[in-house]
Amino acid sequence: MARYFNTEGSCRPDRHYMVSLDERLGIIKEQFVDREKYFVMNRGRQYGKTTTLTALAEYLKEEYIVVFMDFQGIGSEEFVNAGTFVHAFAEEFLFSLAESAPEEKELARPLEEFAKDTADKSIREMFGVLSELCGRADRPIVLIIDEVDNASNNQVFIDFLSQLRRYYLARDRRPIFHSVILAGVYDIKNLKSKIRPDSERQYNSPWNIAADFGLDMNFSSGQIAEMLAAYEADHHTGMDIHAVADEIWQYTSGYPFLASAICKIMDETPDRINGPTGGGNVWTREGVKGAVQIILRTKKTLFDSMFKHISEYPELKQMFYAMLFKGERMAYNLLNHTMELACMFGYAVNDGVEIKVANRIFETLLYDLFLSEEELTAAMSRQAKEDRNQFIPGGRLDMECVMEKFAEHFQEIYGGGDEKFLENDGRRLFLLYLRPIINGTGHYYIEAQTRDERCTDVIVDYAGEQFVIEMKIWRGNEYHERGERQLADYLDYFHQDKGYMLSFNFNKKKETGKKTIVIGDKTIVETVV
């Protein structure tokens with residue numbers, strides 16, 4: 001069977017195009033498993049956890065007996081009390097042991113006997129049997145449990161963790177698992193907090209023995225290139241491997257599911273990709289942009305999870321809104337529960353100094369979410385829908401016309417508004433105006449490296465053309481001229497000769513309107529409102 005890009009479930013190198021995991025597996029074995037660590041691999045949804053654990057189980061099997069369990073196999077009703085839990089756990093454990101070490105039939109017998117009648121058995125008693133099993137094994141036993149999220153809201157699971165901790169601390173006297181790996185989205189501390197009312201949240205988890213698992217599971221641009229090289233060897237598309245890999249990384253920051261999803265669309269449904277690449281080779285930078293546009297228009301369980309969490313945790317929404325629309329830079333604080341949640345779910349990352357949205361696709365989704373909530377009542381959106389046809393002559397986007405009409409409506413609707421409101425929300429109003437115009441054919445993103453409270457660069461891709469727009473608030477002539485030079489330099493990065501500047505000037509003697517500025521070989525069309 002020919003290999004393909006997989007976004008559903010675990011990936012296998014013999015079936016799928018995927019990033020090589022050898023280096024990652026070596027680090028996990030050497031730094032965690034060999035050193036007898038107990039730890040949690042908690043990452044966002046569709047982050048490659050199960051793929052990594054499946055490969056790790058295979059990687060360790062010569063040296064260890066690996067019992068790889070999945071808590072999806074234990075129903076919620078089986079967490080009701082200790083008796084039902086230990087029965088289900090023992091059955092799943094025995095099934096996995098038989099798969100990984102079928103020769104160890106005698107080793108499994110005490111646990112088999114224990115599992116026959118567990119109605120009055122406790123978790124403590126089960127650990128006595130597991131200790132005996134570990135002591136009789138001819139190789140150390142590594143326990144892996146995937147999808148521990150299924151155990152959330154259950155005191156029984158907390159009791160299970162307590163026994164793991166007890167045996168871990170006494171392992172010089174009582175045999176137990178050599179290493180334990182738990183995997184899921186929620187870390188154990190948050191599982192603990194979820195079973196208590198908000199007013200009684202506690203963070204003294206019994207899993208305080210866990211080693212810090214800080215391994216980066218994002219794909220690098222180089223790793224994406226290796227995956228594309230394998231595809232190119234089979235399909236001979238003639239792609240510039242490193243250019244395409246870099247473009248994928250620019251949009252995804254290496255989030256495994258998103259990187260694979262882009263490749264999957266380009267491989268399997270190239271006819272869906274918009275723009276001039278639609279009829280030819282899609283394995284180009286433009287093809288990546290087209291695939292991203294399709295992803296942004298497609299319902300994904302990962303995106304559903306994001307919107308659900310934004311709704312469940314209003315503080316998350318408030319934080320992202322302040323970051324995206326108000327340009328607030330937030331220093332990362334490991335004691336800040338909201339920041340911890342954002343990073344745990346994978347929607348944000350901590351770069352060592354600040355917290356930022358994890359990737360360009362997530363950022364665009366958040367912008368779209370916030371803007372869509374305002375569109376029905378926003379005057380700017382209504383005007384954009386009325387004006388839309390005049391902006392697309394011959395199927396091409398006339399950005400100069402967009403800027404001019406926005407300035408006109410801005411003055412009509414908000415010209416007498418409060419200055420502080422306009423300064424904080426002017427750029428949000430432009431995005432409310434822009435979104436209905438390009439929606440369905442183009443997409444936009446905010447260049448995070450230049451976004452702050454004073455300036456924002458919006459990159460618009462529409463029907464194969466790219467537009468770089470800098471939105472800035474007037475801070476005097478010197479600052480303004482420096483911004484024009486910076487935009488001219490920035491156009492080089494995007495290989496563009498023409499850029500656009502939207503300046504919000506709240507001086508009473510301001511000069512509004514459009515003007516053209518030439519800096520070297522770059523042309524800047526500036527609109528002042």
Side-chain angles (χ1 to χ4, degrees), residues 239-240 243-244 246-248 250-251 262 265-266 270-297 360-361 363-364 367-368 371 384-385 387-407 427 430-450 456-471 484 486-502 514-527:
M239 78 170 89
D240 182 336
V244 174
D246 181 66
E247 192 74 7
I248 292 171
Q250 291 294 333
Y251 278 98
I262 289 173
I265 291 170
M266 295 168 73
D271 55 316
R272 295 178 62 199
I273 294 178
N274 294 321
T277 61
N281 179 22
V282 297
W283 291 95
T284 63
R285 288 184 181 273
E286 288 303 316
V288 172
K289 292 182 176 70
V292 168
Q293 187 174 325
I294 291 168
I295 288 173
L296 290 170
R297 298 200 308 259
R360 192 181 286 173
I361 290 177
E363 188 170 89
T364 302
Y367 271 113
D368 280 347
L371 293 172
K385 292 168 185 174
D387 297 342
R388 188 179 189 276
N389 290 337
Q390 63 186 285
F391 300 137
I392 320 291
R396 299 181 63 185
L397 180 62
D398 186 340
M399 185 57 72
E400 286 191 40
C401 185
V402 172
M403 306 275 280
E404 287 185 77
K405 292 298 290 185
F406 170 78
R427 289 170 292 189
F430 176 72
L431 293 175
L432 276 168
Y433 189 74
L434 175 69
R435 187 173 179 269
I437 295 170
I438 65 172
N439 195 34
T441 303
H443 71 276
Y444 68 94
Y445 66 88
I446 309 300
E447 180 50 55
Q449 295 180 9
T450 63
T456 301
D457 285 313
V458 180
I459 315 301
V460 178
D461 291 308
Y462 190 94
E465 290 188 275
Q466 190 168 71
F467 305 87
V468 180
I469 309 158
E470 180 171 305
M471 295 184 288
E484 292 170 347
Q486 288 174 342
L487 175 56
D489 292 339
Y490 198 49
L491 291 173
D492 278 333
Y493 176 79
F494 285 95
H495 310 290
Q496 299 292 323
D497 296 324
K498 187 176 184 179
Y500 303 84
M501 181 176 286
L502 180 59
K514 184 181 75 170
K515 63 179 179 179
T516 301
I517 305 159
V518 177
I519 301 177
D521 61 347
K522 307 299 181 186
T523 300
I524 298 173
V525 178
E526 180 177 8
T527 302

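Note that these values count all heavy atoms, side chains included, but never hydrogens, waters or copies made by symmetry.
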| field | Residues Asp489 and Lys522 bridged, charged N to O under 4.0 Å | value | no

| Straight-line distance of Thr364 OG1 to Leu296 CG, nearest 0.5 Å | 5.5 Å

| note | Scanning both residues in full, the closest heavy-atom pair of Lys385 with Pro436 reads CG-CB, 3.8 Å

| request: Identify the heavy atoms of Phe391 and Lys405 that sit nearest to each other, and give their distance. | output: CE2-CG, 3.6 Å

List, one per line, each side-chain donor-acceptor pair under 3.5 Å for residues 493-501, sequence neighbours excluded.
{"residue": "Gln496", "atom": "NE2", "partner": "Phe494", "partner atom": "O", "Å": "3.4"}
{"residue": "Lys498", "atom": "NZ", "partner": "Glu400", "partner atom": "OE2", "Å": "2.6"}

| Going by heavy atoms in the side chains, are Phe406 and Asp387 under 4.5 Å from each other? | no

| request: Report yes if the side chains of Gln250 and Arg360 come closer than 4.5 Å at any heavy-atom pair, otherwise no. | output: yes

| Going through the distances and angles, do Met403 and Val525 end up as a side chain to side chain contact (heavy atoms under 4.5 Å, CB included)? | CA-CA 9 Å; Met403 306 275 280; Val525 178; over 6 Å; no

| query | Above 12 or not: heavy atoms from other molecules or residues under 6.0 Å from CZ of Arg396? | reply | no

| task | Taking all heavy atoms of Gly395 and all of Ala463, pick out the closest pair and write down the distance. | result | O-CB, 4.0 Å

| Close side-chain approach of Tyr445 and Val292, heavy atoms under 4.5 Å | no

| Nearest 0.5 Å, what's the CD1-CE distance between Ile294 and Met266? | 10.0 Å

| field | Ile524 to Ala488 - nearest heavy-atom pair and separation | value | CD1-N, 4.1 Å

| query | Can you tell me how far the NZ atom of Lys514 sits from the CG atom of Leu502, to the nearest 0.5 Å? | reply | 13.5 Å

| Heavy atoms, side chains only, cut-off 4.5 Å: are Val402 and Tyr433 in contact? | yes

| Roughly how far apart are Gln466 CD and Leu491 CG, rounded to 0.5 Å? | 10.0 Å

| Are the side chains of Ile519 and Leu487 in touch, meaning some heavy atoms are under 4.5 Å apart? | no

| message | Do Glu526 and Glu484 have side chains that approach each other closer than 4.5 Å (heavy atoms only, starting at C-beta)? | response | yes

| query | Are the side chain of Arg272 and the backbone of Ile265 linked by a donor-acceptor contact shorter than 3.5 Å? | reply | no

| remark: Shortest non-hydrogen pair, Gln390 vs Cys401, comes out as OE1-SG, 4.1 Å

| task | Taking the side chain as every heavy atom from C-beta outward, state whether Val244 and Glu247 have any pair of such atoms under 4.5 Å apart. | result | no

| message | Is there a side-chain contact between Asp457 and Ile446 in this structure, where contact means two heavy atoms from C-beta onward sitting under 4.5 Å apart? | response | no

| said: Quick check: closest heavy atoms across Phe467 and Leu397, and the distance to 0.1 Å? | reply: CZ-O, 3.5 Å

| Ile459 CD1 to His443 NE2 distance, which is reported to the nearest 0.5 Å | 10.0 Å

| query | How many angstroms lie between OH in Tyr367 and CG in Leu434, if you round to the nearest 0.5 Å? | reply | 12.0 Å

| request: Give a yes or no answer on whether the side chain of Gln293 reaches the backbone of Ile273 with a donor-acceptor pair at less than 3.5 Å. | output: no

